[in-house]
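Beneath this line is the structure, given in structure tokens, with notes to follow.
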Amino acid sequence: MSLHAQDDPQLRRAQEERLRAVWAPPKGWLRRWSDSNNNAVGPWYTSTAFVFMLFAGVLALIMRAQLAVPENDLVSANTFNQLFTLHGSAMMFLFAVPMFEAVSIILLPQLLGARDLPFPRLSAFGYWSFLIGGVFVLGSIFFNAAPDGGWFMYPPLTTRTDLSGLGADIWMLGLSFIEVSSVAAAVELIVGVLKCRPPGMRLNLMPLYAWYILVVAVMILFAFPPLIAGDLLFEMERLLDWPFFDASRGGDPLLWQHLFWIFGHPEVYVIFLPSIALFAMLIPTFAQRHLLGYPYIVLAAVGTAFLSFGLWVHHMFATGLPKISLAFFSAASQAVVIPTGIQIFAFIATLAAGRVIFSTPLLYATGSLAIFVIGGLTGVMVAIVPFDWQAHDTYFVVAHLHYVLIGGTLMPLFAGLYYYWPLVTGKQLSDRIGRTAFWILFAGANLAFFPMHLSGLMGMPRRVFTYPAELGLQGLNMASTIGAFLFAGGVLLIVIDLLRSPWRPLSPRNPWNAGTLEWLATPSGEPWGVRSIPLIESRYPIWDQPDFVRKVDEGRFFLPDAEEGRRESLITSVLDAKPVAVMRLPTPSFVPMATAAALGGVFILTTYHLYWLALAAAVLTLALVLTWLWRTAEIPEKPCKPIGHGIDLPLYVAGPLAPGWWAMFITMMADATAFSGLVFGYYFFWTVHPSFPPPGMTGPGVFWPMAALALMVLGWAATLAARETNRRGAVMAARLLLALSALAGLASIPAGLAGPWLSHLDPTLHSYPAIVWTLTAWTVAHAGVGVIGQLYALARSLARRATPTHDADIRNVTLYQHFLLFTALVAWATLGLFPEVA
């Protein structure tokens with residue numbers, strides 16, 4: 001299609017009608033639930049996370065009412081424990097991380113000038129997983145079955161079933177389910193940023209929000225899987241009596257702390273960096289100039305992410321670790337302020353250099369920076385080991401944590417809410433109510449949490465449901481309680497403002513005069529996103545590219561039509577965003593919701609020890625996943641299509657050019673990180689035991705682990721050969737090689753199990769056989785998944801849904817085999833050779 005064809009108004013109207021028909025949401029509430037368009041999923045996701053935040057806030061108010069006066073009996077000790085456990089769990093797991101993912105699902109396609117992200121059904125699956133898991137965990141408090149071991153769930157109090165009830169299982173399995181949705185969202189966001197940018201948007205032209213989301217999503221891949229590994233060990237101790245954390249049988253409770261805080265401290269930055277990303281978008285708008293220091297901000301964001309993984313012992317200074325470790329982690333904890341300071345000073349410099357338009361979003365942004373800086377200063381204090389020994393587990397740490405989270409997460413979220421509400425709904429929120437709410441929030445936050453610094457230094461321990469009057473802390477605690485209710489009043493005002501929004505008139509398009517792509521959206525909210533996918537030459541194209549908005553609206557760029565009646569967007573190259581292919585997106589489907597419900601059944605039924613039903617739910621989940629994949633992957637009706645300006649692009653790509661390949665690679669990175677957490681557990685036990693394995697206990701030997709490894713190498717090699725043979729057109733030989741690879745993978749399973757089985761390793765006796773069986777089970781389970789993948793690729797070939805030129809299935813299965821080979825090498829070498837070497 002030539003540029004001049006767009007001069008015909010009748011043609012443009014016909015194109016718009018076709019786009020509107022293709023992207024229009026389904027009619028009826030039931031059908032709307034099936035819509036996998038991220039424009040539909042994102043608002044549901046965001047609203048649910050906001051409701052969970054309000055619920056957690058109510059729990060906090062009950063706690064503050066209990067602590068307002070000494071020796072209060074408003075709630076019992078058991079109820080208080082449930083309240084603070086669910087409050088912390090909801091804020092960290094059900095609000096902070098899901099909210100940033102939900103907001104990104106809404107904003108990222110528009111920021112990138114894309115019609116949608118590459119896997120909208122994966123976003124829908126993540127949302128339904130989040131909803132089911134969140135309701136399961138939070139609803140437990142209405143049945144007096146909520147977890148009561150703290151949001152950190154330290155063993156052995158939580159792993160011993162005689163000391164903790166069903167609540168520990170609800171917490172562990174429910175939140176493990178939610179972690180699955182977080183990883184799914186991370187995969188969607190990473191691939192979206194890397195592969196769905198508009199033509200011309202090189203990495204150095206990406207909006208800073210996209211950079212921050214890319215960094216944070218990669219952090220999730222390395223931060224969340226160690227917790228998933230810890231959850232696995234935790235539940236095997238509770239359900240199967242495998243003693244990973246029982247010191248009397250060779251376990252160690254500190255292993256849980258390591259795995260938890262390897263997740264827990266990076267998570268603080270996982271929820272902080274997206275807030276900085278919102279600042280990076282709104283500050284240039286209200287300074288009416290480009291953001292200063294773009295490359296330094298990107299490097300600072302990456303540096304913050306990198307350093308955040310070296311801070312986890314920051315939470316374990318009081319556990320008796322060697323002093324050399326304390327010195328290293330103390331230095332790292334203080335060093336992380338450097339990249340954080342670079343980002344904050346860049347924002348201040350941009351405001352100083354620009355023509356500032358002071359607005360409600362900017363008011364929230366500047367106020368949140370003030371609160372966050374106070375939290376950062378106390379963070380430097382607790383990073384000093386001798387001070388931390390004094391302040392540890394006191395209300396000083398509670399004050400520090402809440403200053404960081406309110407200033408670094410909640411207040412920035414309200415800034416983004418007032419800034420982006422016209423983009424999402426076409427309506428503006430009230431400046432008067434917003435400013436009033438801000439000052440109430442600002443006063444309430446400082447009144448609630450600043451006195452906690454003093455009460456902590458005076459000896460107020462955290463996580464206690466009452467305190468004696470002799471401590472003399474009545475005034476400080478009452479001030480904190482008043483501040484908490486004042487803060488809640490500010491939140492209530494914002495909720496009222498949101499509820500009044502539908503009755504307000506439509507706002508003008510781009511009401512803030514912003515320069516980035518997301519403000520191409522019209523107040524009426526056309527369902528297709530952008531009218532045509534633009535060519536980008538600047539970080540602020542609305543400001544810098546002449547007639548940019550008009551050209552987009554008139555369809556003068558790429559994909560201005562939907563001739564075949566399909567939802568489509570562009571795939572571009574990772575580094576320089578050159579157009580690679582046209583990506584066809586799936587239509588509405590109930591399969592993601594059904595898959596989430598089935599997988600939720602696995603976790604929930606296991607919680608109540610209904611193992612056979614949980615197994616049936618697992619089989620159903622597998623069947624739904626295979627159905628999902630089978631229906632999604634398709635061979636297009638033609639090899640190429642024009643996207644405008646004389647450019648033809650393929651409708652099918654495979655390997656590193658395809659989003660599916662990247663999704664497999666990223667998922668396997670997360671999987672490898674979880675596996676590394678289990679291997680860390682094996683070598684951790686080696687460091688804390690004088691001999692490992694213990695005297696009188698033999699390992700699985702060399703023969704069977706090496707036999708299993710050899711069979712897995714054979715399966716890998718046969719799969720690799722099948723991919724190359726298929727690519728050359730020898731389809732029958734490729735099918736035979738796939739069958740051989742599946743047989744080799746299947747044979748590796750009993751070979752791997754034979755070692756610990758024939759050695760009579762009882763996993764309930766000691767941590768050594770328990771961790772051996774865990775690594776064995778993990779490896780053979782992945783071998784089983786590999787067999788399913790090989791048979792799936794074989795079935796696709798037999799059904800003629802895969803050919804030598806349409807070989808994405810076998811390429812993705814081969815990629816999985818690469819990661820499986822890494823897992824097998826590490827696991828079988830560790831189990832078969834390490835005891836002999838030791």
Side-chain angles (χ1 to χ4, degrees), residues 149 152-164 168-169 172 225-263 312-313 315-316 318-322 325 674-702 704-705 752-781 826-838:
F152 39 81
M153 296 296 282
Y154 285 164
L157 294 178
T158 52
T159 49
R160 286 181 52 181
T161 54
D162 58 324
L163 297 177
S164 59
D169 295 312
M172 194 61 58
L227 180 60
I228 294 174
D231 292 348
L232 178 65
L233 302 182
F234 189 102
E235 275 305 306
M236 286 196 294
E237 177 155 336
R238 280 188 61 88
L239 300 179
L240 303 177
D241 195 32
W242 293 14
F244 299 106
F245 311 114
D246 184 352
S248 66
R249 291 181 288 167
D252 194 321
L254 281 185
L255 174 60
W256 169 259
Q257 290 198 36
H258 281 293
L259 292 174
F260 184 86
W261 289 116
I262 287 173
F263 146 81
W312 80 87
V313 175
H315 299 266
M316 300 172 62
T319 59
L321 294 173
S325 299
F675 171 69
S676 300
L678 298 179
V679 175
F680 171 83
Y682 185 97
Y683 289 103
F684 174 83
F685 287 133
W686 173 72
T687 64
V688 299
H689 289 90
S691 58
F692 195 74
M697 190 174 290
T698 59
V702 178
W704 288 112
L753 294 172
W757 179 267
L758 295 176
S759 299
H760 305 290
L761 290 175
D762 184 349
T764 64
L765 295 180
H766 191 271
S767 62
Y768 173 72
I771 196 66
V772 166
W773 271 110
T774 301
L775 287 173
T776 299
W778 180 276
T779 308
V780 300
V826 174
W828 299 134
T830 296
L831 299 180
L833 301 178
F834 185 79
E836 299 296 325
V837 175

Keeping [X] on the side-chain end and [Y] on the backbone end, is there a donor-acceptor pair under 3.5 Å?
X	Y	value
Trp312	Phe260	no
Ser759	Thr698	no
His689	Pro694	no
Trp828	Thr779	no

Taking all heavy atoms of [X] and all of [Y], pick out the closest pair and write down the distance.
X	Y	result
Trp778	Ala674	CH2-CB, 3.8 Å
Glu237	Phe245	OE1-N, 2.7 Å
Leu233	Phe244	O-CD1, 3.4 Å
Ser767	Pro243	CB-O, 3.8 Å
Leu259	Gly230	CD1-CA, 3.7 Å
Ile771	Leu678	CD1-O, 3.9 Å

Rounded to the nearest 0.5 Å, how far apart are [atom1] of [X] and [atom2] of [Y]?
X	Y	atom1	atom2	answer
Tyr682	Thr687	OH	OG1	12.5 Å
Asp231	Met153	CG	CE	9.5 Å
Phe234	Leu239	CZ	CG	10.0 Å
Leu232	Leu227	CG	CG	11.0 Å
Arg160	Asp246	CZ	CG	8.5 Å
Met316	Gln257	CE	CD	4.5 Å

* To do: Under the side-chain contact (heavy atoms from CB on, under 4.5 Å) rule, collect the residues that match up with Thr161, sequence neighbours excluded.
  => Arg238
* Asked: For Pro769, what residues pass the side-chain contact (heavy atoms from CB on, under 4.5 Å) criterion, not counting sequence neighbours?
  -> Met697, Leu761, His766
* Would you find more than 12 non-hydrogen atoms of other residues, nucleotides or ligands less than 6.0 Å from Trp704 atom CH2? -> no
Side-chain contact test, heavy atoms from C-beta onward, threshold under 4.5 Å: evaluate it for [X] versus [Y] and give yes or no.
X	Y	result
Thr764	Leu240	no
Trp773	Leu753	yes
Arg249	Leu765	no

* Asked: When the ring planes of His315 and Trp261 are compared, do they come out parallel, tilted or perpendicular, using 30° and 60° as the limits?
  -> parallel
* Qualifying residue for ring-ring contact (aromatic ring centres under 6.0 Å, His included) with Phe692, from Phe834, Trp686, Tyr768 -> Tyr768
* **Non-neighbouring partners of Phe685 that pass ring pair (Phe, Tyr, Trp, His ring centres under 6.0 Å), sequence neighbours left out** => none
* Verify the distance criterion only: is there a donor paired with an acceptor across the side chains of Tyr683 and Thr830 at less than 3.5 Å? => yes
